Amino acid sequence: MPATRKLRTSLLCASALAGAAALVLQAALPARAAADFDVTATVETAPVSHSGDAADDPAIWVHPGDPAKSVVVGTDKKGALEVYDLKGARIQRIDGDHGNNVDVRGNVVVSADDEAAGGDGALHVYRVDPATRQLKHLKDVPTEVTAHGVCLYTSPRSGKLYAYPNSTSGRVEQWELAVSGDTVTATSVRLFDAGSAVEGCYADESTGKLYLGEEDVGVWVYGAEPGAGTTRTKLDSTGSGGHLTADTEGIAAAGNRLFVSSQGSNDFTVYDRRSGAYLGRFGVASGTAADDCEDTDGIDATATALGAAFPQGVFICQDGSNGAPGSSGNQNFKYVPLERITGRV
């Protein structure tokens, strides 16, 4: 056989073998079902000021007198907290805060000032003035863990406010925060290790549960009270048999639904808030008013009616790839009327 034909035959055989190997490997991988349905957002915020991976987590502050005047606090971990109205317009920018996560209870806002993004690793405590809807910085609280994520909880038993800073090492701390006017007193009351990197968390006053997202593993359920210890159960997991795709990121709840962001599959899982039963998955697709949510970190939601624009509440997702596919627009946040989700799952 001529040398050229031998070479051609060898190449064809190698190609066939490679193709067969690829088919075997593909068959061995667990199938990932598509989201059950897609929804679209009606509002998107102004982009954060820094480019690249900057926006991360939103938190909804509900105005106590006029819910239509509620605001969304969003993090720009490269150097700011940004406050948006319900039309997505920026109404305040607080420079010097490298918040990776942020949460709200009442008029208290707390950000986790991410050391990896240039922050100090502490909790930054703010108060919202309902008259102006502006945040006022009150105090920085250095913690035992290097704060990366954070969520807040008001105990239905004691009425005390708690913050749960957590870290990429898996360490989690619980702090009691006493806020009176502009004075903040902080006391550490619990410290434990969740395993590997943790970021997303949600503490639920209606059930007394603390949900922690171990990014590559899944979502764990602890007790939220300071004496709950380290006993935990698993809500859901990544990988075979689970409904999550790493990284497990934002966690939020509204009405009788609990939501978790799967960053690796660009979708959001939904659970029954009481039983923890898995209910389905949805994506946020591009629509006429806003583009989609991809590579999402943080989410938040509320079932409180927020005026005519969001009569049954709102679901908010961070968009890690703002703009048309392939564009490089600065990241932002998308607002989805909650009934577009709860009417389907």
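What you see is a predicted model; the values in this text were computed from it and never measured.
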Inset, instruction - Evaluate the side-chain proximity of Trp61 to Pro130: yes if any heavy-atom separation is below 4.5 Å, no if none is. - result: yes

Inset, instruction - For side chain to side chain contact (heavy atoms under 4.5 Å, CB included), just list the numbers for Val219 and Tyr271, CA-CA rounded to whole Å, side-chain angles, deciding distance to a tenth of an Å, and then say yes or no. - result: CA-CA 12 Å; Val219 176; Tyr271 307 86; 5.9 Å; no

Inset, instruction - Locate the shortest heavy-atom distance separating Tyr164 from Ala224; write the atom from each residue and the value. - result: OH-O, 2.5 Å

Inset, instruction - Would you indicate whether the side-chain heavy atoms of His124 and Leu81 approach each other to under 4.5 Å? - result: no

Inset, instruction - Flag yes if Phe333 and Leu306 sit in one hydrophobic cluster, no otherwise; membership is Ile, Leu, Val, Met, Phe, Trp, Tyr, and two members link when side-chain heavy atoms are under 4.5 Å apart. - result: yes

Inset, instruction - Check the pair Ile299 / Phe315 against side chain to side chain contact (heavy atoms under 4.5 Å, CB included), numbers first and verdict last. - result: CA-CA 7 Å; Ile299 59 175; Phe315 173 88; 4.0 Å; yes

Inset, instruction - Determine, using the 4.5 Å side-chain heavy-atom cutoff (strictly less than), whether Ile94 and Val102 are members of one ILVMFWY cluster. - result: yes

Inset, instruction - Please examine the side chains of Glu199 and Asn100, heavy atoms only from C-beta on, and report whether any two atoms are closer than 4.5 Å. - result: yes

Legend entry - Residues that, via side-chain heavy atoms closer than 4.5 angstrom, fall in one hydrophobic cluster with Leu152: Val108, Val110, Leu123, Val125, Leu138, Val141, Val150, Leu161, Trp175, Leu177, Val179, Val184

Legend entry - Salt-bridge present (Asp291, Lys334; N to O < 4.0 Å): yes

Inset, instruction - To the nearest 0.5 Å, tell me how far Arg340 CZ sits from Phe37 CZ. - result: 12.0 Å

Inset, instruction - Check the pair Asp297 / Gln263 against side chain to side chain contact (heavy atoms under 4.5 Å, CB included), numbers first and verdict last. - result: CA-CA 7 Å; Asp297 277 301; Gln263 192 173 55; 3.1 Å; yes

Inset, instruction - Indicate whether any N or O donor in one side chain lies under 3.5 Å from an N or O acceptor in the other, for Glu176 and Thr187. - result: no

Inset, instruction - Keeping the roles fixed (side chain from Asn322, backbone from Asn330), state whether a donor-acceptor pair exists under 3.5 Å. - result: yes

Inset, instruction - Take Thr45 and Tyr335 through the side chain to side chain contact (heavy atoms under 4.5 Å, CB included) test and state the conclusion after the steps. - result: CA-CA 8 Å; Thr45 67; Tyr335 302 178; 3.4 Å; yes

Inset, instruction - State which residues pass side-chain hydrogen bond (donor to acceptor under 3.5 Å, both in side chains) with Tyr211; sequence neighbours excluded, sorted by chain then number. - result: none

Legend entry - Distance, nearest 0.5 Å, that separates CG of Leu212 from OH of Tyr202: 13.5 Å

Legend entry - Under-4.0 Å salt bridge between Lys136 and Asp182: yes

Inset, instruction - Using atom types as modelled and distance alone, determine if a side-chain donor or acceptor of Ser70 lies under 3.5 Å from a backbone N or O of His63. - result: yes

Legend entry - Nearest-0.5 Å distance, CD of residue Gln318 to CG of residue Asp57: 8.5 Å

Legend entry - Short side-chain to backbone donor-acceptor contact, Gln331 and Gly320, under 3.5 Å: yes

Inset, instruction - Could you tell me whether the side chains of Ser155 and Glu225 share a donor-acceptor contact shorter than 3.5 Å? - result: yes

Legend entry - Heavy-atom pair of closest approach, residues Val284 and Asp292: O-CB, 2.9 Å

Inset, instruction - Would you mind reporting whether Phe268 and Thr296 have side-chain heavy atoms less than 4.5 Å apart? - result: yes

Inset, instruction - Scan residues 299-309 for pairs that pass side chain to side chain donor-acceptor pair (under 3.5 Å), counting only residues two or more places apart or in two chains. - result: Thr302-Thr304

Inset, instruction - Report yes or no: does Arg273 contribute a side-chain atom to a donor-acceptor pair with the main-chain N or O of Gly255 at less than 3.5 Å? - result: yes

Inset, instruction - Verify the cluster assignment for Tyr222 and Leu191: are they in a single hydrophobic cluster under the rule of side-chain heavy atoms below 4.5 Å apart? - result: no

Legend entry - Distance, nearest 0.5 Å, that separates SG of Cys151 from CZ of Arg105: 7.5 Å

Legend entry - Closest heavy-atom pair and its distance - Ala228, Arg190: CB-NH1, 3.7 Å

Inset, instruction - Give a yes or no on whether a salt bridge exists between Asp114 and Lys77, defined as a side-chain N under 4.0 angstrom from a carboxylate O. - result: no

Inset, instruction - Answer yes or no: is there a side-chain heavy-atom contact under 4.5 Å between Thr238 and Asp216? - result: no

Legend entry - Connected via hydrophobic side-chain network under 4.5 Å: Ile60 and Val83: no

Inset, instruction - Give a yes or no on whether the backbone of Ala131 and the side-chain of Asp129 come within a donor-acceptor separation of less than 3.5 Å. - result: yes

Legend entry - Connected via hydrophobic side-chain network under 4.5 Å: Val43 and Leu86: yes

Legend entry - Side-chain donor-acceptor pair present, Asp236, Tyr278, cut-off under 3.5 Å: no

Legend entry - Flag if over 12 foreign heavy atoms under 6.0 Å of NZ, Lys139: yes

Legend entry - Side-chain donor/acceptor of Ser262 to backbone N/O of Leu244, under 3.5 Å: no

Inset, instruction - Side-chain contact test, heavy atoms from C-beta onward, threshold under 4.5 Å: evaluate it for Ile91 versus Val71 and give yes or no. - result: yes

Legend entry - Basic-acidic side-chain contact under 4.0 Å: Asp95, Arg93: yes

Inset, instruction - Quick one: closest heavy-atom pair of Tyr126 and His137, and the distance? - result: CD2-CA, 3.4 Å

Legend entry - Heavy-atom closest contact (Asp113 atom, Gly119 atom, distance): OD2-CA, 3.0 Å

Inset, instruction - For residues Asp193 and Ser169, report the shortest heavy-atom separation together with the two atoms involved. - result: OD1-O, 4.2 Å

Inset, instruction - Report the distance from atom CZ of Arg133 to atom CG of Asp85, rounding to the nearest 0.5 Å. - result: 6.0 Å

Legend entry - Interatomic spacing from CD in Glu173 to CG in Asn166 - rounded to 0.5 Å: 11.0 Å

Inset, instruction - Kindly check if the number of other-residue, nucleotide or ligand heavy atoms within 6.0 Å of NZ (Lys87) is above 12? - result: no

Legend entry - Any donor-acceptor pair under 3.5 Å from Arg257 side chain to Val345 backbone: yes

Inset, instruction - Flag the pair Val172 / Val145 as yes when at least one side-chain heavy-atom distance between them is below 4.5 Å, and no otherwise. - result: no

Legend entry - N/O donor-acceptor pair under 3.5 Å between Asn266 side chain and Glu294 backbone: no

Legend entry - Any Arg90 side-chain heavy atom under 4.5 Å of Ser49 side chain: yes

Inset, instruction - Give a yes or no answer on whether the side chain of Gln92 reaches the backbone of Leu135 with a donor-acceptor pair at less than 3.5 Å. - result: yes

